[in-house]
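What you see is a predicted model, and the numbers here were worked out from it, not measured in a lab.
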Amino acid sequence: MAPASHDVLLASAGSAPRPLLGNTVRVSERALSLAGVAVVVVATALGLWLRLHGLPGADGTLSIDEARLALASRGILEHGLPQLPSGWIYTRGLLSSYPVTLAFALLGTSDFAVRLPSILTGTALVPTIYLLGRQLAGRGGGLFAALFVAQYPPLVVWSRQAWLYAPYVLVYALALLFIVRAHQSGRARDQLLAGALVGLSFFAHELGVFLLIPLAAQVAVRLACAARQTRQTGARDRPAVSPLAPLAALGLAVGSLGLLWLLVTALRAETLVGSHGELTEYFSPRLDGAPFRFYGRMLLDGRGLLLALATLGIPLALAQRRYVVLLLWLALLPPFVHAAAIIPDQPQERYGLTLVVALVLLAAQSARAWAAWLANRRTLPLSSGALAGAVLALTLLVHQDLRRGLERGELPPRGGAWLQEARGLGIGPADLVMSDLPTVAGWYLGDLDYWVSSEQYQKYALQTGELRRDVHTGARLVRNVGEFQRLVVEPNRGRTLWVFASGRSYQWGELVDDSLKTFLERSAQRRIAPGDGSRILRIDL
């Protein structure tokens, strides 16, 4: 739509200059469009730089989850399936594993190759959110959303990690984009893409199941419109709004969920927690105010302007019957309640990423809607676009914090030092390796004989006779001094054991038995501190 000033020019012009003024309007609109594209390109470039900054470098910095994804992706490269060294098929985050496999094929196996797909999908969120914001709140709303997600620190940090969340947030945004388009256009293509993307989100992260709620609501509205049109035009007339595409879209999503359920329950049945053990972790209600405060702080980031704008849009949306606002709230509230009240672990920033994305969109559409409402009543001298732009620019300015994103995303100064030490030790094929980080040691060292952990190992352990083994590497589990003597010392006398202790406060500090840690330290003939917080112990058995 042309700006209001152009409308005034057209209304006051005579018949002769109309073609010239019409060309002026078209040229101005074209210039605005090109300027918008330029801003999106700059925002995307900024987002890519923030996500790339400082990542290429020495190996040895992958986390447990990143190394697990790397192992699954190497299995795809070697076997065509995400088969881990233990022989177990890893079905979680399939949408993340296959792009990493492609990166391995092109760049080789390095930390940077593992993380590159997350970097690219995190960056792709910028133009995607622009399209979604423009669909909801015009060009200005799209630019606001794109500039926001390009530099928002949590999104930057999680795009720098080779795990499920950057691809998941991108698919979440794409699914919302086509849910909104299907609601606004009624086109079968948009509707089917909405259903397919919701189904695809399950293979990015199991929490994609909450996208079924806004999809089902949108389908219900579409079917209600079709039924109303049939009543108004008569049963003999074919309604313009066909119910087939909405039902097919919902069927695609539900069918994808059923397929994932079969994969998960069939392939995870052998773990000590059983086929549904890990799933029940995501559905264990509790009453605790701390998680609500945690996620509330995420939504209030930036002096609460985003949440205030989004909330202010509710009464206007109700008055104008803007169902698209309801769809956005349905994309935000159920996962918020789930993260704050149902997941039993401590609140985690990663579960709030999609909440912030939805909130940004709600804030943009609210600013646009209120600006239009005020402009129609001529209560302000500004046009609706200028007013909405000013509000969103202020909100964006308050949220600008490029330094925080860079600081949080930095790798540790001595990150990877343990691997450099390990490669210089000359570990032979007859030597044994033990670690509290099985996926990390298995990925970098190529083999792992023993996994040391005393707590919360059940969902990662398989029972093989009397032995418990890590599902990822097949390493035998050692929980205490007695098991160390029985499983490690007695069958391997005369051999050398290398213990790689991460030094991480949770893995080595909390999950490993204190008496076993003390015993290992006292038994070591050589102790190495690489300088990254880890410890390497040589024990001659």
If you look only at pairs with a residue in [range], which of them pass as a ring pair (Phe, Tyr, Trp, His ring centres under 6.0 Å), with sequence neighbours excluded?
range            : answer
residues 111-148 : Phe148-Tyr152, Phe148-His399
residues 286-317 : Phe292-Phe336
residues 190-212 : Tyr165-His205, Tyr168-His205, Phe210-His338
residues 296-321 : none

With sequence neighbours excluded, tell me which residues meet side-chain hydrogen bond (donor to acceptor under 3.5 Å, both in side chains) with Arg68.
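Once residues adjacent in sequence are excluded, the partners of Arg68 under the side-chain hydrogen bond (donor to acceptor under 3.5 Å, both in side chains) criterion are Asp65, His472.
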For the side chain of [X] and the backbone of [Y], is there at least one donor-acceptor N/O pair under 3.5 Å apart?
X      : Y      : result
Arg222 : Ala182 : yes
Ser159 : Arg51  : no
Ser366 : Gly313 : yes
Trp370 : Leu312 : yes
Gln400 : Leu397 : no

Any side-chain heavy-atom pair of [X] and [Y] under 4.5 Å:
X      : Y      : result
Met298 : Leu355 : no
Thr91  : Pro82  : no
Leu197 : Ile179 : no
Leu200 : Leu95  : yes
Pro153 : Glu407 : no
Val198 : Leu257 : no
Leu215 : Val219 : yes
Arg368 : Leu392 : no

Thr395 vs Val398, side chain to side chain contact (heavy atoms under 4.5 Å, CB included): CA-CA, chis, key distance, verdict:
CA-CA 5 Å; Thr395 305; Val398 171; 5.9 Å; no
Rounded to the nearest 0.5 Å, what separation is found between the CG atom of Leu125 and the CG atom of Leu353?
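Leu125 atom CG to Leu353 atom CG measures 10.0 Å (nearest 0.5 Å).
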I need the Arg160 CZ to Leu411 CG distance, nearest 0.5 Å.
6.0 Å
Taking salt bridge (Lys or Arg N to Asp or Glu O under 4.0 Å) as the test, write out the residues that go with [X], two or more places apart.
X      : value
Asp59  : none
Arg408 : Glu349
Arg404 : Asp301, Asp401

Before you tell me yes or no, could you show the steps for Gln191 and Phe178 under side chain to side chain contact (heavy atoms under 4.5 Å, CB included), namely the whole-Å CA-CA distance, both residues' side-chain angles and the distance that decides it to 0.1 Å?
CA-CA 7 Å; Gln191 187 70 78; Phe178 284 96; over 6 Å; no
Partners of [X] by side-chain contact (heavy atoms from CB on, under 4.5 Å), sequence neighbours excluded?
X      : answer
Ala317 : Arg322, Val325
Leu50  : Leu46, Gln151, Val156, Leu402, Leu406
Ser97  : Leu69, Ala72, Ser73, Ile76

Taking the six-membered ring for Trp, are the ring centroids of Trp443 and Phe104 within less than 6.0 Å of each other?
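Centroid distance Trp443-Phe104: below 6.0 Å, so yes.
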Candidate pair Leu177 and Leu193, rule side chain to side chain contact (heavy atoms under 4.5 Å, CB included), full reasoning
CA-CA 10 Å; Leu177 172 61; Leu193 282 170; over 6 Å; no
Derivation and outcome, side chain to side chain contact (heavy atoms under 4.5 Å, CB included), residues Leu306 and Leu299
CA-CA 7 Å; Leu306 280 181; Leu299 300 181; over 6 Å; no
Leu223 and Pro243: which non-hydrogen atoms are nearest, and at how many Å?
CD2-CB, 3.3 Å
Quick note, side chain to side chain donor-acceptor pair (under 3.5 Å) partners involving residues 109-119, not counting sequence neighbours, are Thr61-Asp111, Thr61-Arg115, Glu66-Arg115, Asp111-Tyr444
